[in-house]
Each structure stands twice: as structure tokens, then as C-alpha cells.
Amino acid sequence: MHTTRLSDYAVFGVLLLAGFAFVAAAMTANRLLRPSAPSKAKGQTYECGVDPVGKDWAQVQIRYYVYAFLFVLFAVEAVFLFPWAAVFRAFGPAAAVEMGVFVGVLALGLAYAWRKEVLRWR
């Protein structure tokens with residue numbers, strides 16, 4: 001079955017319009033079905049990272065952010081590592097050395113965090 005380039009663009013256009021229609025329908029349904037109860041308290045600003053505890057305000061501890069940062073760091077490492085492993089033989093030994101340096105730098109960062117006892121839950 002032969003198709004012309006114009007029909008390929010037509011299929012793309014129809015799918016694009018269907019996507020826009022779906023988003024518009026979802027936003028319209030959201031506007032019609034959501035509860036609306038505006039109040040003065042909802043309009044006030046608040047400080048991010050500060051939790052009300054009892055009578056005073058307490059800052060959120062930094063260790064939560066450190067754990068999140070380390071998780072993102074090693075997730076990004078995995079994103080780079082998996083495609084590299086899939087085509088490892090095509091790259092040769094130079095790519096193995098480069099990936100070794102990459103993983104080594106990340107390992108040094110993990111060792112530094114471990115030594116500073118950042119990963120220790122108190």
C-alpha cells in the first residue's frame with residue numbers, strides 16, 4: 001500500500017486536532033465539575049518550606065533535600081548508563097574509560113556524602 005506524503009501529514013493533523021480537542025474537553029469538564037469555594041485564607045501567600053508546628057514555625061530540615069538531590073543524581077546516572085550499555089561494543093575501549101570516569105566522579109560524590117554522614121538518618 002503506497003501512501004503519499006500529504007496523507008501522512010493529514011494523519012498527523014487529525015491526531016494533533018484530536019489531542020487539542022481532548023485537552024480542551026478535559027479543561028472544560030474540570031471547570032464545570034470542580035467545586036468552587038474561594039475564601040480570604042486561600043488567597044493569602046505562604047512561605048514554602050516552613051511548616052506550622054504548635055505555636056511557632058519550624059524550618060524543614062535540609063536532609064530531605066539532600067536525599068532528593070542524591071536520588072535525582074543517581075537517576076540521571078542511570079539514564080546515561082543504560083543507553084551506553086546497549087551500544088557498548090560499537091564504542092570501543094575509549095567509551096569504557098569515559099564511562100568509568102563518569103561513574104567514578106559520581107562514586108566520589110557518594111563517598112564524600114557518606115563521609116560527611118549526610119546519608120545517616122538521625
Side-chain angles (χ1 to χ4, degrees):
M1 175 190 329
H2 293 291
T3 60
T4 64
R5 291 191 188 268
L6 188 59
S7 67
D8 291 340
Y9 284 117
V11 169
F12 175 74
V14 168
L15 288 175
L16 189 66
L17 288 175
F20 280 123
F22 178 76
V23 170
M27 292 180 84
T28 303
N30 181 24
R31 186 171 296 254
L32 294 174
L33 299 175
R34 73 177 179 204
S36 179
S39 69
K40 191 172 185 176
K42 288 182 182 178
Q44 291 180 341
T45 58
Y46 64 95
E47 177 124 7
C48 183
V50 179
D51 295 331
V53 179
K55 296 178 184 175
D56 298 324
W57 290 79
Q59 288 284 354
V60 174
Q61 297 196 11
I62 191 70
R63 67 177 167 223
Y64 299 120
Y65 298 108
V66 171
Y67 275 101
F69 178 72
L70 288 174
F71 173 77
V72 169
L73 180 74
F74 288 104
V76 169
E77 175 190 6
V79 166
F80 285 121
L81 204 56
F82 285 128
W84 173 83
V87 293
F88 170 70
R89 291 184 188 200
F91 287 146
V97 171
E98 289 176 9
M99 188 53 71
V101 169
F102 176 71
V103 172
V105 168
L106 289 174
L108 282 174
L110 180 62
Y112 177 77
W114 198 295
R115 186 166 183 233
K116 291 290 187 178
E117 296 182 354
V118 173
L119 301 176
R120 188 173 174 179
W121 198 261
R122 297 175 197 175

Are [X] and [Y] connected in the hydrophobic side-chain network, where two residues link if heavy atoms are under 4.5 Å apart?
X	Y	result
Phe91	Leu81	yes
Val76	Phe82	no
Val72	Tyr65	yes
Phe69	Leu110	no

More than 12 heavy atoms of other groups within 6.0 Å of Phe80 CZ: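 Result for CZ/Phe80: open.
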Residue Arg34 excluded, over 12 heavy atoms near CZ under 6.0 Å: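 Atom CZ in Arg34 is crowded, with more than 12 foreign heavy atoms closer than 6.0 Å.
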List the steps, then state whether side chain to side chain contact (heavy atoms under 4.5 Å, CB included) holds for Tyr112 with Leu108. CA-CA 6 Å; Tyr112 177 77; Leu108 282 174; over 6 Å; no
Passes side chain to side chain contact (heavy atoms under 4.5 Å, CB included), Leu70 versus Leu73? Steps please. CA-CA 5 Å; Leu70 288 174; Leu73 180 74; 4.3 Å; yes
Within this structure, what is the CZ-CG distance for the pair Phe102 and Leu106, rounded to the nearest 0.5 Å?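 Phe102 CZ to Leu106 CG: 4.5 Å, rounded to 0.5 Å.
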Looking only at heavy atoms, the pair that brings Ala78 and Pro83 closest together is O-CD, 4.4 Å
Which residue in the set Val97, Val101, Val103 passes side-chain contact (heavy atoms from CB on, under 4.5 Å) when paired with Met99? Val103
